[in-house]
2 protein chains.
Amino acid sequence: MTNYTEKLRNSGLRPTKQRLQICEVLFDTEKTFHFTINELEQKIKDKTNNKISLATVYNTVHAFEKKGYLKQIPINSDQTYFDTNVTDHHHFYDLNEEKLIDLENSDVGPISIKRKINGKKIKSVEVLVKLED
Amino acid sequence: MTNYTEKLRNSGLRPTKQRLQICEVLFDTEKTFHFTINELEQKIKDKTNNKISLATVYNTVHAFEKKGYLKQIPINSDQTYFDTNVTDHHHFYDLNEEKLIDLENSDVGPISIKRKINGKKIKSVEVLVKLED
DNA sequence: ACACTTATTTAGAATCATTATAAACTACGA
DNA sequence: TCGTAGTTTATAATGATTCTAAATAAGTGT
């Protein structure tokens with residue numbers, strides 16, 4: 001159980017009850033994980049017996065994303081997927097089961113990007129490997 | 001001006017007026033391009049002075065995708081992006097301008113995926129390089 | 001060309017994720 | 001404790017996408 005109050009305050013976010021609870025659900029875990037907003041809402045209900053408004057869940061997730069505590073996973077789905085693993089890493093996407101699987105950085109060889117765009121710098125390089133049966 | 005009638009028939013799709021017009025807009029071009037459904041609808045209006053129902057545009061795009069004439073670009077956006085370039089290739093995504101830019105295969109070094117999932121085979125490997133100012 | 005079956009198109013309704021609204025509430029510094 | 005700015009909330013609004021069911025067009029056999 002980490003103390004998230006400081007972490008939030010340091011990023012200019014007030015440590016409200018709701019945000020602290022969401023922090024626990026998101027970050028008090030051994031492993032990082034992927035989720036949609038709806039899955040997160042369910043997890044919160046399960047873990048805290050405490051309903052947080054859907055609007056707040058959206059607000060908080062977006063605030064955390066902006067601060068770099070979460071990131072969106074670029075994938076075509078009707079729902080947006082987020083990842084608590086904010087390090088640069090890659091994914092398998094199982095097309096048949098519609099499931100995302102993290103790849104370790106050591107699972108993918110180095111990637112060299114040879115082209116440059118003037119005035120732009122590379123923020124991230126992510127690989128999506130689609131799998132089928 | 002290619003003849004798309006055969007192409008459609010060969011894939012089990014009836015060559016209707018609407019589908020042929022959409023083919024012209026999508027494939028009668030020097031270069032491949034990216035589009036959303038709304039952009040495509042606009043392009044059709046501009047090029048053919050002929051309104052095609054939005055439902056038909058959706059149906060057709062999905063049919064073409066299933067047949068492999070189009071593919072979705074995995075990116076987090078409120079609208080789905082499609083690409084007329086169906087070869088395996090990579091993208092820059094300019095975060096500031098929210099614009100996609102194709103990368104040539106020669107712009108990216110070879111990518112080795114070292115991990116395997118039992119019973120699954122790799123369908124595609126795509127890199128998304130996010131750019132910022 | 002005709003009749004018949006099946007695919008396709010269409011407008012409009014329905015769905016569903018996400019965002020906006022605006023009123024009530026809360027954190028926090030003075 | 002007060003005041004203010006930030007948050008939460010229920011609910012409404014938005015907007016992309018899908019569904020529906022009726023009208024139309026294409027393909028097939030005669």
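If you measure from atom CG of N76(B) to atom P of dA17(C), you get 16 Å, rounded to the nearest angstrom. In this structure, K67(A) atom NZ and dG6(D) atom P are separated by 12 Å, rounded to whole Å. Residue L13(B) contributes atom CG, which lies 18 Å from atom P of dT6(C) at whole-angstrom precision. Put simply, OH on Y81(B) is 11 Å from P on dT17(D), counting in whole angstrom units. Distance CG (N50(B)) to C1' (dT9(C)): 12 Å, rounded to an integer number of Å. Rounded to a whole Å, the CD atom of E41(B) is 12 Å from the C1' atom of dA16(D). One atom, OH of Y58(A), and another, C1' of dT11(D), lie 15 Å apart when rounded to the nearest Å. Remark: C1' of dC16(C) and CD of E39(A) are 16 Å apart, rounded to the nearest angstrom.
The side chain of S53(A) sits closest to dA10(D) out of dA10(D), dT17(D), dA27(C). Comparing dA10(D), dT17(D), dA25(D) by their closest approach to the side chain of R14(B) singles out dA25(D). Distance from the side chain of T60(A) is smallest for dT8(D) among the nucleotides dG27(D), dT18(C), dT8(D). Nearest nucleotide to the I52(B) side chain, out of dT10(C), dT18(C), dA26(D): dT10(C). Candidate nucleotides dA11(C), dT8(D), dA5(D) were compared by shortest atom distance to the side chain of A55(B), and dA11(C) ranks first.
Shortest non-hydrogen contact noted between L20(B) and P15(B) is CD1-O, 3.9 Å. The shortest heavy-atom contact between G68(A) and V86(A) is O-CG1, 3.5 Å.
Residues I44(B) and Y4(B) share a single hydrophobic cluster, defined by chaining ILVMFWY side chains whose heavy atoms lie under 4.5 Å apart.
D107(B) and H90(B) share no donor-acceptor pair across their side chains, judged by distance under 3.5 Å alone. Under 3.5 Å, the side chains of N38(A) and Q42(A) contain no donor-acceptor pair of N or O atoms.
Evaluation of atom-type donor-acceptor distances gives no pair under 3.5 Å for the side chain of R19(B) against the base of dT8(C).
Counting any heavy atom pair closer than 4.0 Å across all strands shown, T80(A) reaches sugar-phosphate atoms only and no base atom.
Nearer the 5' end of DNA chain D, as judged by each residue's closest nucleotide, is the contact made by K51(A), out of K51(A) and K17(B). When each of V57(B) and D78(A) is assigned the nucleotide of DNA chain C with its nearest heavy atom, V57(B) is the one assigned upstream, toward the 5' end. When each of L54(B) and G12(B) is assigned the nucleotide of DNA chain C bearing its nearest heavy atom, the one mapping closer to the 5' terminus is G12(B).
Distances shown here put a side-chain N or O of Q18(B) below 4.0 Å from the OP1 or OP2 atom of dT10(C). Taking only side-chain nitrogens and oxygens, T16(A) comes nearer than 4.0 Å to OP1 or OP2 of dT8(D). For dT18(C), neither phosphate oxygen OP1 nor OP2 lies less than 4.0 angstrom from any side-chain nitrogen or oxygen of H62(A).
Cation-pi geometry between K7(B) and F27(B) is satisfied (NZ or CZ under 6.0 Å from the ring centre, within 45° of the ring normal).
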